Amino acid sequence: QVQLVASGGGLVQAGGSLRLSCAASGNIFRINAMGWYRQGPGKQRELVAVITSGNTNYADSVKGRFTISRDNAENTVYLQMNNLKPEDTAVYYCNAAIRAVVDGYWKSNDYWGQGTQVTVSS
């Protein structure tokens, strides 16, 4: 089965940095878009950043501070977060559109990681 495992969250002071990682595993043929979402306390889940084979897009609130990248050989997506602010506090989830063999069949699905907590203190 396909799995996404996220890591790298933690507690940091405002102005600090964290790097999130998310590795996909399974019988994967191709990964299309990979992205990061977040859900803050009392808020809806929102898109933070997404990366395809040639493009990146960011939420306005993180432009210039966050950088998304991917290692296709390792099926891993990263989110480098700099100059963190208290309003960045949230559970961060990775997401990937993956074509893989699942239960003996080729399938294309959206997969989610388990979420990693990022807390920024003021």
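Everything numeric here is computed off the predicted structure, so don't read it as measured data. Position 1 is the first residue of the sequence, and the numbers go up from there.
Applying the side chain to side chain donor-acceptor pair (under 3.5 Å) test to Gln44 and every residue at least two apart in sequence or in another chain returns nothing. Every residue two or more places apart in sequence or in another chain that forms a side chain to side chain donor-acceptor pair (under 3.5 Å) with Lys63 is listed here: Asp60. In this structure, the side chain to side chain donor-acceptor pair (under 3.5 Å) partners of Gln80, at least two apart in sequence or on a different chain, are Asn82.
Here Leu20 contributes atom CG and Ser7 contributes atom OG; the two are 8.0 Å apart, rounded to the nearest 0.5 Å. Taken to the nearest 0.5 Å, the CD1 atom of Ile98 stands 10.5 Å off from the CD atom of Gln3. Summarising the geometry, atom CD1 belonging to Ile28 is positioned 12.0 Å from atom CZ belonging to Arg30; distances are rounded to the nearest 0.5 Å. The structure places OG of Ser25 at 8.0 Å from CG of Leu4, a figure rounded to the nearest 0.5 Å. Considering CG of Leu18 and CE of Met81, their distance stands at 4.5 Å, rounded to 0.5 Å. Annotation: the span from Ser53 atom OG to Met34 atom CE amounts to 13.0 Å, rounded to 0.5 Å.
Pairs passing the disulfide bond (SG atoms under 2.5 Å apart) check and including a residue from residues 15-121, sequence neighbours excluded, read Cys22-Cys94. Residue pairs meeting the ring pair (Phe, Tyr, Trp, His ring centres under 6.0 Å) criterion with at least one partner in residues 52-92, sequence neighbours excluded, do not occur; the list is empty. Residue pairs meeting the salt bridge (Lys or Arg N to Asp or Glu O under 4.0 Å) criterion with at least one member in residues 45-57, sequence neighbours excluded: Arg38-Glu46. Sorted by first and then second residue, the salt bridge (Lys or Arg N to Asp or Glu O under 4.0 Å) pairs involving residues 19-29 (not counting sequence neighbours) form an empty list. The salt bridge (Lys or Arg N to Asp or Glu O under 4.0 Å) analysis of residues 102-122, with sequence neighbours excluded, yields no pairs.
Remark: of the listed residues Val48, Val62, Thr67, Val48 is the sole one forming a side chain to side chain contact (heavy atoms under 4.5 Å, CB included) with Leu79.
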If you look only at distance, which donor and acceptor atoms sit under 3.5 Å apart when one is on a side chain in residues 115-122 and the other is two or more places apart or in another chain?
| unit_1 | atom_1 | unit_2 | atom_2 | d |
| --- | --- | --- | --- | --- |
| Thr116 | OG1 | Gly9 | N | 3.2 |
| Gln117 | NE2 | Ala90 | O | 3.4 |
| Gln117 | NE2 | Thr119 | OG1 | 3.2 |

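Shown here for Ile51 and Arg70, the closest heavy-atom pair between the two residues is O-NH1, 3.5 Å. The shortest heavy-atom contact between Arg99 and Ser108 is NH1-OG, 3.0 Å.
Residue Val101 belongs to a hydrophobic cluster whose other members are Phe29, Trp106, with links defined by side-chain heavy atoms closer than 4.5 Å. Residue Leu47 is found in a hydrophobic cluster whose other members, listed by chain and number, are Tyr37, Val50, Val91, Tyr93, Trp112; membership requires side-chain heavy atoms under 4.5 Å apart, directly or through intermediates. Side-chain heavy-atom separations under 4.5 angstrom define the hydrophobic clusters, and Leu11 shares its cluster with no other residue.
Put simply, the side chain of Thr76 gets close to the backbone of Glu74: a donor and an acceptor are under 3.5 Å apart. Using a distance-only test at 3.5 Å, with no hydrogens or angles considered, no donor-acceptor pair links the side chain of Asn55 to the main chain of Thr52. In this structure, Asn95 contributes its side chain and Tyr111 its backbone to a donor-acceptor pair below 3.5 Å.
No side-chain heavy atom of Asn27 sits under 4.5 Å from any side-chain heavy atom of Val102. Contact check for Asn109 versus Val2: no side-chain heavy atoms found under the 4.5 Å cut-off. Between Asn72 and Ile31 the shortest side-chain heavy-atom distance does not fall below 4.5 Å.
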